[in-house]
Amino acid sequence: MVEWWRHAVIYQVYPRSFADADGDGVGDLPGITARLGHLADLGVDALWLSPFYRSPMVDGGYDVSDHRDVDPVFGTLADFDALLAEAHRLGLRVIVDIVPNHTSSRHPWFVDGRRDRYVFRDEPNGWQSLFGGPAWTRVADGQWYLHLFDPEQPDLNWHNPEVREEFDDILRFWLDRGVDGFRVDVAHGMIKDLAGVTLFDHEDVHEIHRRWRKILDSYPGERMAVAEVFDTAPARVARYVSVGELHQAFNFDFLEAPWEPAVLRRIIDASLRAAAAVGAPPTWVLSNHDRRRHVTRFGGVRRARAAVLLMLGLPGSAYLYQGEELGLPEVLDLPDEVRTDPQWVRSGGEEPGRDGCRVPLPWSGDAPPFGFGPGGSWLPQPADWAGLTVEAQRLDPHSTLSLYRDALRLRRPSDALRWLDAPDGVLLFETDTMRVAANLSGVPIRVMPATPLLSSNEMAGELPPDTTAWWTI
Ligand code: GLC
C-alpha cells in the first residue's frame, strides 16, 4: 500500500476563522469539531490546523508562548482531543502546525531571560525582518536579539541542545496525543549564518529534520511532516524531502504562478522533476493563510475553478485553503481599523497584510456573520457572501462547492504525467487514469470527442476558454 500522504488532499484550517462555537467572534476548536462533517462531505483526506497553542496572538498564533497547551480563545486540550477523535471517526487525519524558528516574547524562556536559547548579540547585523523594519531589537542592557518576523517573535538558538531537546519533546507530546503529523513553519529558518547574507536554507538545518524524521518513524501509523520552505529553488526545496528527512514540502512556485500556460507548464515540469529525483510526492497549492486568495489573483472564480481542476488532476498531493471550496475572493476593502496582521502594522500600512484571506467563513444565512458563530466575526464579512455560504452552495450542482466535491470524489491520483500535443495556450496531459485539458487560450478548442468526466464550466463538445476538463482513459 502506498503511504496515505503521497496522494492526499489536505485542507488547511485557520482556526481563528473557520467556525466559532462560543460566540466571542473568534473561531475555536469546538467550532471546528462541529463542522468536521463539511470536510468529510467534501472528501478531503486530512486537515492541517494552523496554530491553536497559547499565544498573545501578535501573529495570529504563530507567536507561541506554550507549545503544549491550547489558547483559551480556542478552547482546551480536552477540546483538542475531542476534535482529533471526531476527525479520526470520520476518516480524516489531522496534522498540526509546529513553529520552531521562534517563540513568542512571552514564552517563559524569553521572559526568564534565557538568552542562551535565543540569538542575542552585542551588535546587530544589517538583516531586515520579513514583516518590515530591522530584524534586531535592543534590550535594556544594550544587547540585541534577532527576530526574522515581529519583535514579539524572538528567534530561537538551535545551536543550543536544550532547544533541540525541547522540540523533540513537543513533537512527542502531540504524537502521543495521536496527531498524524506536522506542518513545519519556516522549516528552512532555524539555523543562521549571522556573518553571511542568507537568512534561510542553511545546510545545518537538515540535521534537525533528520532528527525529527527519526521521531516520526518511531511511531506507528505513517506520521508525516510537510515543510514550509519559501523563496527557495525547487532543487533546494527537494533536499528537505529527500531520504531520511521530511515527507512533503509546499510548492510555492506553483502558488505564486500566474494564470499563464507556459509558466505553469514549466513549474509543473520542474516540480515533478525535483520531487522524482528524491522519491517524494510533488505537492500543489493555490492559496493559504499568507497569500492573496487565488480567485482574486487569477481575476475571477471561473479561472479559479479551472485552476483547481488542473491542480487536482496532477500527480501527487494537494493542499486546499479553507474557503476556496466556496470560491471566496480576497476581501480587499477591510477598514484599516480592523486589520491586525503585523505585516500591515509593521509596514505602517504600506503592505495590505494578510487579513483579507483570513475573513471568517460564511456557513449559512443571509447576513453576517453567516453562521460563523453565535456572536459576530473578528473581521467583517462582505454582505454579498450570502450567495457563497455552504448552505447556499451545498445542493446546487453548479456551485464551486459541488465542483470541489465532485473533483475530490472522481480524482484518481497517479504518479506520472505525459504531456500531449495541444494548441497554443492549452495544457493537455494524461496520467495513468485520466486525460486533463486546461484551456488558458482565449478561444474554444476541440480536445476529445467524449463527454468529460468533469469540467470546471459548462461545455458542449468544445472546451471553452478558462476551463479545465477531465476524461477517463
Ligand atoms: C509562516 C506562517 C506565517 C507566519 C510566519 C512566522 O510563514 O505561515 O503565517 O507569519 O511563518 O511564523
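In each ligand, atom 1 is the first atom listed, and ligand 1 is the first ligand listed. The model shown is predicted, which means the values in this text are computed figures rather than measured ones. Heavy atoms only: backbone and side chains are in, while hydrogens, waters and symmetry mates are out. For the single chain, residues carry numbers from 1 onward in sequence order.
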Report task. Please assess Tyr145 against Phe110 for the test ring-ring contact (aromatic ring centres under 6.0 Å, His included), listing each intermediate value before the final yes or no. Result -> CA-CA 11 Å; Tyr145 69 87; Phe110 199 78; 5.0 Å; yes
**Report entry** ring-ring contact (aromatic ring centres under 6.0 Å, His included) between His67 and His107, intermediate numbers included
**Finding:** CA-CA 9 Å; His67 299 84; His107 188 284; 5.6 Å; yes
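Both tests pass for Arg35 against the ring of Trp363: distance under 6.0 Å to the centre and angle within 45° of the axis. Within the cation-pi definition used here (under 6.0 Å to the ring centroid, within 45° of the axis), Arg346 does not qualify as a partner of Phe131.
Among all non-hydrogen protein atoms, the one lying nearest atom 7 (O) of ligand 1 is Glu228 OE2, 2.8 Å. The closest protein non-hydrogen atom to atom 4 (C) of ligand 1 is Asp59 OD2, 3.3 Å. Scanning the protein for heavy atoms near atom 5 (C) of ligand 1, the closest one is Phe149 CE2, 3.8 Å. Looking from atom 8 (O) of ligand 1 to the surrounding protein, the closest heavy atom is Asp290 OD2, 2.5 Å. At the shortest separation from atom 2 (C) of ligand 1 among protein heavy atoms lies Asp185 OD1, 3.1 Å.
For ligand 1, the atoms lying closer than 4.0 Å to a non-hydrogen atom of Phe131 are 10 (O). Remark: ligand 1 atoms within the under-4.0 Å shell around heavy atoms of His102 are 6 (C), 12 (O). Numbered from 1 in the order shown, with element, the atoms of ligand 1 that lie under 4.0 Å from a heavy atom of Arg354 read 3 (C), 4 (C), 9 (O), 10 (O).
Heavy atoms of Arg183 come nearer than 4.0 angstrom to ligand 1 in at least one pair. Using a 4.0 Å cutoff on heavy atoms, Gln343 does not count as a contact of ligand 1.
Looking at Phe250, Tyr14, Tyr321, Phe18 one by one, the single match for ring pair (Phe, Tyr, Trp, His ring centres under 6.0 Å) with Trp48 turns out to be Phe250. Checked against His147 for a side chain to side chain donor-acceptor pair (under 3.5 Å), the options Thr137, Asp155, Asn101 give a single hit: Thr137.
Looking at Arg354 and Asp341, a side-chain N of the basic residue comes within less than 4.0 Å of a carboxylate O on the acidic one, giving a salt bridge.
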